2 protein chains.
Amino acid sequence: MFSKACEYGIRAAVYVALQSLDGRRVSVNEIAEEIDSPIAFTAKILQQLSRSKVIHSVKGPTGGFELDRTEMDTVKISTIVHAIDGDDIYVGCGLGLKECNAQKPCPLHDKFVDIRNDLKNMLENTSLYELATGLEVGLTYLKR
Amino acid sequence: MFSKACEYGIRAAVYVALQSLDGRRVSVNEIAEEIDSPIAFTAKILQQLSRSKVIHSVKGPTGGFELDRTEMDTVKISTIVHAIDGDDIYVGCGLGLKECNAQKPCPLHDKFVDIRNDLKNMLENTSLYELATGLEVGLTYLKR
DNA sequence: TCAATAAAGGATAATTTTGTCCTATTTATT
DNA sequence: AATAAATAGGACAAAATTATCCTTTATTGA
Ligand code: FES
Ligand code: FES
């Protein structure tokens, strides 16, 4: 479904959001530890998220990653997926035709588009804040 | 969503079903041509589908791949996906946790499971026959 | 100013997925 | 029996993804 990079990216962003709720800035090392991901690879992904304005980064001592409260509402999971995996999952053909086109649909088109749109809507309507609060009250987990 | 191998596999199986409706047995070369896929790679995938009883293969001159009419109804797209990509898409965690577990869910679990189940049901309720007939009447396409 | 800390970024390695090529096996036809 | 056509399968190659390591840059605080 999503690439590994994207999975780590979402988990990382949720963790950053969670800690930012407490005003804590977090380092790559802490993030990788808390979401159980490879450190250096996670660093790359955080760079990407930072460049695409999903999270904010601060260099130097006391630096790290953070997200302000209003951004947690506006940043949707769809933004993260788009930043890392591109728009294939939103517009691509389920059977791999060069493009998904209702005028010349693949055999699975009609049924696939329904699912794809549900997924798209779900991701577009889920904010980092929403996911972070579930974590905060201990209902959900970022590693096992 | 699906791997390339799986995309080719579904397209190939639909084409085999379509031709089998006319009693025609088809070769790897014809299949690859008609679904616009790399020949040798497609051959591997057809082997896999043959081993997992999704389609039937016949060696030698006049040989090729075929599917009998009753199998077109019983073989669902979910079978093909499972044979090639395994069950990750049916049971895996959307955020990449080692396993999806409602007792210790990831932040996206509840929303993700809904989509995943819709996808699963869709694939389980779509037969090769259904997809082949859409092709037959010229409503859908296997390449662009 | 200096040392320490943390992200940014470049180079490279490992792994997985995708793809190719060649030989072996099976089988229909002559 | 010989030939040719077709899948099966093994070995290998290319490309993409995942992952690591090292150097550079920015910033804090002593
Ligand atoms: S053409 Fe295949 S999903 Fe739209
Ligand atoms: S635990 Fe992540 S989808 Fe179920």
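Keep in mind the model is a prediction, meaning the values are calculated, not measured. Every chain is numbered from 1, with letters handed out A, B, ... down the list of sequences.
Closest contact between the side chain of A:K59 and the listed nucleotides C:dA8, D:dG10, C:dG9 involves C:dA8. Side-chain proximity of B:S27 to the nucleotides D:dA6, D:dA19, C:dG19 is greatest for D:dA6. The side chain of B:K44 approaches D:dA11 more closely than any other nucleotide in the set C:dG10, D:dA11, D:dT18. Taking only side-chain atoms of B:S3, from C-beta outward, the nucleotide of C:dT18, C:dA28, D:dT27 with the closest atom is C:dT18. When each of C:dG9, D:dG29, D:dA8 is scored by its nearest atom to the side-chain atoms of A:T62, the top-ranked nucleotide is D:dG29. Distance from the side chain of B:S57 is smallest to D:dT7 among D:dT7, D:dT20, C:dA7. Of all nucleotides listed (D:dA19, C:dG10, D:dT7), D:dA19 comes nearest to the side chain of A:K4. Considering only the side chain of A:S50, C:dA8 comes nearest among C:dA8, C:dA7, D:dA5. Closest to the side chain of B:V28, from the set D:dG10, D:dT20, D:dT7, is D:dT7. Side-chain proximity of B:F65 to D:dA8, D:dT18, C:dT27: nearest is D:dA8.
Separating the CG atom of B:D85 from the P atom of C:dT16 is a distance of 16 Å, rounded to the nearest angstrom. Rounded to a whole Å, the CD atom of B:E30 is 16 Å from the P atom of D:dA5. Look at CD1 on B:I84: it is 13 Å from P on C:dG19, rounded to the nearest Å. Computed from coordinates, the B:L46 CG to D:dA6 C1' distance equals 13 Å when rounded to whole Å. Rounded to whole Å, atom C1' of D:dT27 lies 11 Å from atom CZ of A:R25. Distance A:I45 CD1 to C:dA7 P: 14 Å, rounded to the nearest Å. Rounded to a whole Å, the CD1 atom of B:I35 is 14 Å from the P atom of C:dT18. One atom, CD of B:Q48, and another, P of C:dG19, lie 14 Å apart when rounded to the nearest Å.
If you find the closest nucleotide of DNA chain D to A:P61 and to B:N29, the one lying nearer the 5' end belongs to B:N29. Nearest-nucleotide mapping onto DNA chain D: of A:V58 and A:A5, the residue sitting toward the 5' end is A:A5.
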Show the numbers, then the answer: is there a side chain to side chain contact (heavy atoms under 4.5 Å, CB included) between A:Q19 and A:I31?
CA-CA 10 Å; A:Q19 294 305 319; A:I31 295 169; over 6 Å; no

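Between A:Y8 and D:dA19 there is a side-chain polar atom (N or O) within less than 4.0 angstrom of OP1 or OP2. Under 4.0 angstrom from either OP1 or OP2 of D:dA8 there lies no side-chain N or O belonging to B:Q47. Checking the phosphate oxygens (OP1, OP2) of D:dA8, no side-chain nitrogen or oxygen of B:R51 falls inside 4.0 Å.
At least one test fails for A:R25 against the ring of A:F65: distance under 6.0 Å to the centre or angle within 45° of the axis.
You'll find the side chain of B:P107 reaches within 4.5 Å of the side chain of B:L95, heavy atoms only.
Judged purely by distance below 3.5 Å, without hydrogens or angles, the side chains of B:D85 and B:S3 pair a donor atom with an acceptor atom.
Between A:E130 and B:K111 there is a salt bridge, since a side-chain N of the basic residue sits under 4.0 Å from a carboxylate O of the acidic one.
Taking the six-membered ring where tryptophan is involved, the planes of B:H82 and B:Y90 are essentially parallel, since the angle between them stays under 30° and well short of 60°.
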